[in-house]
Amino acid sequence: MGIFLNSIAPYESYKELAGTRFFADKTDLIAQVIQSASDGQKYLCITRPRRFGKTVMATMLGAFYGKAADGKSLFDGLNIAGYEQYHKHLNKWDVIYIDFSRLPRNCSSYERYIGRIQNGINKDLAEAYPQYQIDIGEAVWDNLQLIFEKTRTRFIFIIDEWDAIFHKNFVSGENKKSYLEFLRDLLKGRAYVELAYMTGVLPIAKYSSGSEINMFQEYDMSSREKFSEYFGFSDAETDRLFASYQNSVPDAKITRQELAEWYDGYHTAAGIRLYNPRSVICALTDNQISSYWTNSGPYDEIFYYIRNNIRDVRDDLVLMIAGEHIAVKLQGYAATSAELNTKNQIYSAMVVYGLLTYEDGSVFIPNRELMEQFQELLMSKSSLGYVHRPAIESEKMLTATLAGNTSTMAEILNFAHDTESPVFSYNSEIELSAVVNLVYLAARDKYRVEREDKAARGYVDFIFYPEHKNDDAIILELKIDSTPQEAVSQIKNKNYALRLKGKLGEKAKYTGRILAAGISYD
């Protein structure tokens, strides 16, 4: 057993995960990978946003295929055990597992980085096949070819974080080219390759516009259906995890609705809706709803993508924060572009990184966890101009509403209207909704704001559900070419307040006032 060849690490990592309370069995992926290889498609690259289970699936495959440990006790109780090919492949292969995010100590050069991997694999081969006098100084592919010629041994390569090197500051353009050539020489057209399974965040085309590693069939979340269900949690999987949470946590504080509101909403090309797996697990483990996934990335990540074209995207931001979908022509990653300048490029990159999701030709904000990051962007970036200015007035708007101060409310709405943005022209109820959402942005810190919520005998435009039951709730109705008095009358006549009062005989959900507010644009 070595560091790269038949390492025990993938087995131990997956075994530890499989023993946790909130484990989801996704071993059906193994059967799909086996089938792909048997159909002649042995080069697979799975790209997904960070923290979407790529490494978990890589360690699962390493634990299943590799000879480092007997996986029978681990896999016999999982879905893969029901497949015909199970015993044929379980722990039958020499696996070379490479995590490209790992660096040698004090690494400051590409040569040191790639040398650790080449030398490490060669040392493992020399130990495993001492009879062939492996030369550690030779190219690793030559030594692998030698072993294949002598023994007909084929290897399975599992490569995690293939694109990690491109984010290192010591890597030059020439180094990147050398790295792609390394992967080509190691894998492309090699008889000793039984399977090459690779994961990363960014598509191969982002870095390789030529033919270096074009043998890989690439599967992303937004355009390829295959493997869709294995990266993220489905509704059914989240139901099972939530049931385990309720059974094992005496003072369970999280509701099933909160999990959906905060972490659901990612769409795949297969039409599957998925939850963010990291956030679900962290929330259930901590017994607390919070922004787990967004806090694991760089600060100001959203602004990084829009900064080159604020002018064209800021109106869209207002609409997306109001829950609208924005039409886009998805471009993978605008793959070879060094900078993101057009809206299509910007939104395509944000889909790749999981900051937006994509469905039926449009992008949108998937859930509350991401929504809070977009709201923070609007509140904090003065460079957003007329979008930023109404947002910073939103605390005053909430205070005025709770006080019934309609003159201040009208003043803030007029302030939002008197801008250069076409969104603020109020030509439709959608645009009015977007502006109202913007001027109440600060309310989302204290309220769960639902738009077009079913209430009694109709749909109300906005309901502000307070986070604390003794705070005031707000029902907000919008009108075009009418009066605010008519909007308030509609709230009363259609009994929208029932949405806040709970069912007959139940204890009231909220004990504060229920305020009816009408806004009309004439």
Side-chain angles (χ1 to χ4, degrees), residues 311-327 364-365 371 374-375 378-379 384-444 447-465 472-497 499 514-522:
R311 180 175 180 175
D312 282 355
V313 303
R314 53 188 167 187
D315 288 347
D316 289 348
L317 292 179
V318 176
L319 291 168
M320 283 194 281
I321 288 174
E324 296 299 326
H325 294 200
I326 302 298
F364 53 97
I365 301 169
M371 184 68 77
F374 280 86
Q375 290 165 199
L378 263 60
M379 297 284 283
L384 291 172
Y386 57 75
V387 169
H388 168 71
R389 291 191 292 273
I392 61 175
E393 293 287 312
S394 59
E395 186 68 56
K396 189 192 295 186
M397 185 70 169
L398 176 62
T399 302
T401 304
L402 295 173
N405 185 347
T406 55
S407 61
T408 298
M409 293 167 66
E411 180 185 329
I412 293 170
L413 283 168
N414 280 330
F415 171 72
H417 178 267
D418 293 337
T419 69
E420 59 197 272
S421 171
V423 171
F424 298 162
S425 63
Y426 305 176
N427 290 324
S428 71
E429 196 164 318
I430 287 176
E431 291 165 350
L432 180 55
S433 296
V435 173
V436 168
N437 188 80
L438 180 62
V439 297
Y440 278 104
L441 202 61
R444 292 177 180 267
Y447 291 86
R448 175 168 58 88
V449 181
E450 296 287 348
R451 184 175 167 217
E452 294 189 349
D453 202 358
K454 180 74 170 72
R457 296 194 296 272
Y459 287 86
V460 64
D461 286 321
F462 289 94
I463 297 184
F464 291 60
Y465 296 89
D472 296 337
I474 303 170
I475 300 175
L476 183 60
E477 184 69 19
L478 308 179
K479 293 290 181 184
I480 298 287
D481 294 329
S482 180
T483 66
Q485 289 79 9
E486 185 178 329
V488 170
S489 295
Q490 179 175 319
I491 292 171
K492 293 178 178 179
N493 294 338
K494 293 196 174 182
N495 214 1
Y496 291 157
R499 194 73 175 82
I514 299 175
L515 305 179
I519 296 176
S520 177
Y521 175 68
D522 184 346

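Bear in mind the structure is a predicted one, so any value in this text is a computation, not a measurement.
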Worksheet item: If we only count heavy atoms from C-beta on, is the V436 to D461 side-chain gap below 4.5 Å?
Response: no

Item to complete: Could you tell me whether the side chain of E393 reaches within less than 4.5 Å of the side chain of E411, counting heavy atoms only?
Response: no

Discussion item. Any heavy-atom pair between the side chains of M371 and Q375 that's under 4.5 Å?
Written reply: yes

Worksheet item: Are F415 and V439 close enough, and set up right, to give a side chain to side chain contact (heavy atoms under 4.5 Å, CB included), and what steps lead you there?
Response: CA-CA 10 Å; F415 171 72; V439 297; over 6 Å; no

Item to complete: Look up atom CZ in R444 and atom CD1 in I321, then write down how far apart they are to the nearest 0.5 Å.
Response: 8.0 Å

Worksheet item: For the rings on Y440 and Y447, is their centre-to-centre separation under 6.0 Å?
Response: no

Worksheet item: Between A443 and L398, what is the shortest heavy-atom contact and its length?
Response: CA-CD2, 3.9 Å

Practice prompt. Find out whether L413 and Y521 are in side-chain contact, i.e. whether some heavy atom of one side chain is under 4.5 Å from a heavy atom of the other.
Written response: no

Worksheet item: Can you name the closest pair of heavy atoms from Y459 and E477 and give their distance?
Response: O-OE1, 4.3 Å

Response to the item:
When rounded to the nearest 0.5 Å, the distance separating CD1 of I514 from NZ of K492 is 12.0 Å

Practice prompt. Of all the heavy-atom pairs spanning S520 and S482, show the shortest one and how long it is.
Written response: OG-O, 3.0 Å

Item to complete: Kindly compute the distance separating CD1 (I365) from CG (L319), expressed to the nearest 0.5 Å.
Response: 10.0 Å

Worksheet entry | OG1-CD1 distance between T401 and I412, expressed to the nearest 0.5 angstrom | 7.5 Å

Worksheet item: Quick one: does M320's side chain get under 4.5 Å of L317's, heavy atoms only?
Response: yes

Item to complete: Show your working on side chain to side chain contact (heavy atoms under 4.5 Å, CB included) between L402 and I474 and close with a plain yes or no.
Response: CA-CA 8 Å; L402 295 173; I474 303 170; 4.0 Å; yes

Item to complete: With sequence neighbours excluded, tell me which residues meet side-chain contact (heavy atoms from CB on, under 4.5 Å) with T406.
Response: M409

Discussion item. I need the T399 OG1 to N405 CG distance, nearest 0.5 Å.
Written reply: 10.0 Å

Fill in: Partner of L478 by side chain to side chain contact (heavy atoms under 4.5 Å, CB included), out of I519, V460, V435
I519

Worksheet, complete the sentence: When rounded to the nearest 0.5 Å, the distance separating OG of S394 from CE of M379 is 4.0 Å

Discussion item. If we ignore hydrogens and angles and just use 3.5 Å, is the side chain of D472 paired with the main-chain N or O of L515 as donor and acceptor?
Written reply: no

Item to complete: Measure the shortest side-chain to side-chain distance between M397 and L441 over non-hydrogen atoms and say whether it is less than 4.5 angstrom.
Response: no

Worksheet item: Are side-chain heavy atoms of Q490 and K479 found at a separation under 4.5 Å?
Response: yes

Worksheet item: With side chains defined as the heavy atoms from C-beta onward, is the minimum distance between L476 and Y496 less than 4.5 Å?
Response: no

Fill in: Heavy-atom closest contact (A487 atom, G518 atom, distance)
CB-CA, 3.6 Å

